[in-house]
2 protein chains.
Amino acid sequence: MSRSNPRVLSTLERAGGFASAQEVYRLMQREGESIGLTTVYRSLQSLVNDKIVDVLRRDDGEAIYRLCGDAHHHHLVCKNCGDTVEIEGGAIEKWAKVMAEEHGFREVGHTAEIFGLCSKC
Amino acid sequence: MSRSNPRVLSTLERAGGFASAQEVYRLMQREGESIGLTTVYRSLQSLVNDKIVDVLRRDDGEAIYRLCGDAHHHHLVCKNCGDTVEIEGGAIEKWAKVMAEEHGFREVGHTAEIFGLCSKC
DNA sequence: ATGGAAATGAAAATCATTTTCATTTGTGAT
DNA sequence: ATCACAAATGAAAATGATTTTCATTTCCAT
């Protein structure tokens, strides 16, 4: 088994929020780091095993990773111009927790996004 | 644009619960139906557009489809066994509305899902 | 019957992810 | 320093779901 390459973790941190393996890889390339895509995948997997990062799925099926326990935020996206606002999701956190408990679920996470037309569009 | 092949919907119904495109296809084959994989994908997509079926992602990233209940609801999904509970999202609706207003967004919609380990897993 | 639009499906293309495998690197013993 | 061996690395091939292409077939309205 392989252990995580520390540069992968540090890049994921720097990405803030979510990032896919491909994105982490591209980011490292752009920053001149020499690393193979395979190693990025392996490192992320290992971080997931160690419960250092969470993994989710985007709507398109791509896996996205995020530091565990990271205070996370949600997005308000304009469906016309793509403009995005980071918003706070305290209400969601509470809702997710309550719903999960109500149904006996553990180790819960969630995704939530709002989309609409921004004031300019 | 293409419309859904009715046999796809009927097969998905018969499958009860969730089924992936590949599973619907295999099921139809086993039952002697003559249909192409492409048509299965197209039909499922079209059913999703028409909000007749829901689509989720398995842990491995494969898309799974299921007949929609009626009202707008959210999902509590077990990331191990895929078991799913439909939950009510009143809190989310309110949150989305408030956040959108706060930032001057109109015509808002949202997505939200909770995932974790169910009591059996 | 006739023409055009929609539906179909086989095969190729795409794309994320995993596997293979040969090479490199790190480490501990001598 | 040298040898030996395990772990890490990454390029390239394999995998598998999904999408696209495109030629053909089916449907309908005239």
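A note on names: the letters A, B, ... follow the listed sequences, proteins ahead of strands, and every chain is numbered from 1.
Side-chain atoms of B:E33 and B:Y25 form no donor-acceptor pair, as typed in the model, at a separation below 3.5 Å. Side-chain polar atoms of A:S46 and A:R42 form no donor-acceptor pair below 3.5 angstrom.
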Next item on the list: Determine, step by step, whether A:M28 and A:V8 satisfy the side chain to side chain contact (heavy atoms under 4.5 Å, CB included) criterion, reporting the C-alpha distance in whole Å, the side-chain angles of both residues, the deciding distance to 0.1 Å, and the verdict.
Entry: CA-CA 8 Å; A:M28 294 181 78; A:V8 170; 4.2 Å; yes

Checklist line | Verdict with supporting geometry, B:L9 and B:L67, side chain to side chain contact (heavy atoms under 4.5 Å, CB included) | finding: CA-CA 9 Å; B:L9 177 54; B:L67 280 176; 3.5 Å; yes

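Remark: P of D:dT18 and CD of B:E23 are 10 Å apart, rounded to the nearest angstrom. Across the protein-nucleic acid pair, A:L44 atom CG and C:dT18 atom P stand 10 Å apart, rounded to whole Å. Rounded to a whole Å, the CZ atom of A:R3 is 14 Å from the P atom of C:dG26. Between the CG atom of A:D59 and the C1' atom of C:dA16 there is a distance of 16 Å, rounded to whole Å. We find that CG of A:L37 is positioned 11 Å from C1' of D:dA11, with the value rounded to whole Å.
Contact record, A:A100 with B:L76: CA-CD2, 4.2 Å, taken as the closest heavy-atom pair.
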Close N/O contacts between protein and nucleotides 20-25 of chain D (under 3.5 Å):
none

Distances under 3.5 Å between protein N/O atoms and the N/O atoms of nucleotides 15-17 of chain D, please, pair by pair.
none

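A side chain to side chain donor-acceptor pair (under 3.5 Å) with B:H74 is found for exactly one of B:E86, B:E88, B:H110, namely B:H110. Checked options A:R30, A:R58, A:R66; the residue passing with A:E23 is A:R58 (criterion: salt bridge (Lys or Arg N to Asp or Glu O under 4.0 Å)).
With B:T11 contributing its side chain and B:R7 its backbone, the two residues share a donor-acceptor pair below 3.5 Å.
Relative to the side chain of A:A21, the nucleotides C:dG9, D:dT18, C:dT17 differ in distance, and C:dT17 lies closest.
Classification of the B:F18-B:H75 ring pair by plane angle, with boundaries at 30° and 60°, yields perpendicular.
An OP1 or OP2 oxygen of C:dT8 is reached within less than 4.0 angstrom by a side-chain nitrogen or oxygen of B:N5.
As judged by a 4.0 angstrom heavy-atom cut-off over every strand, B:D60 is placed among residues making no nucleic acid contact.
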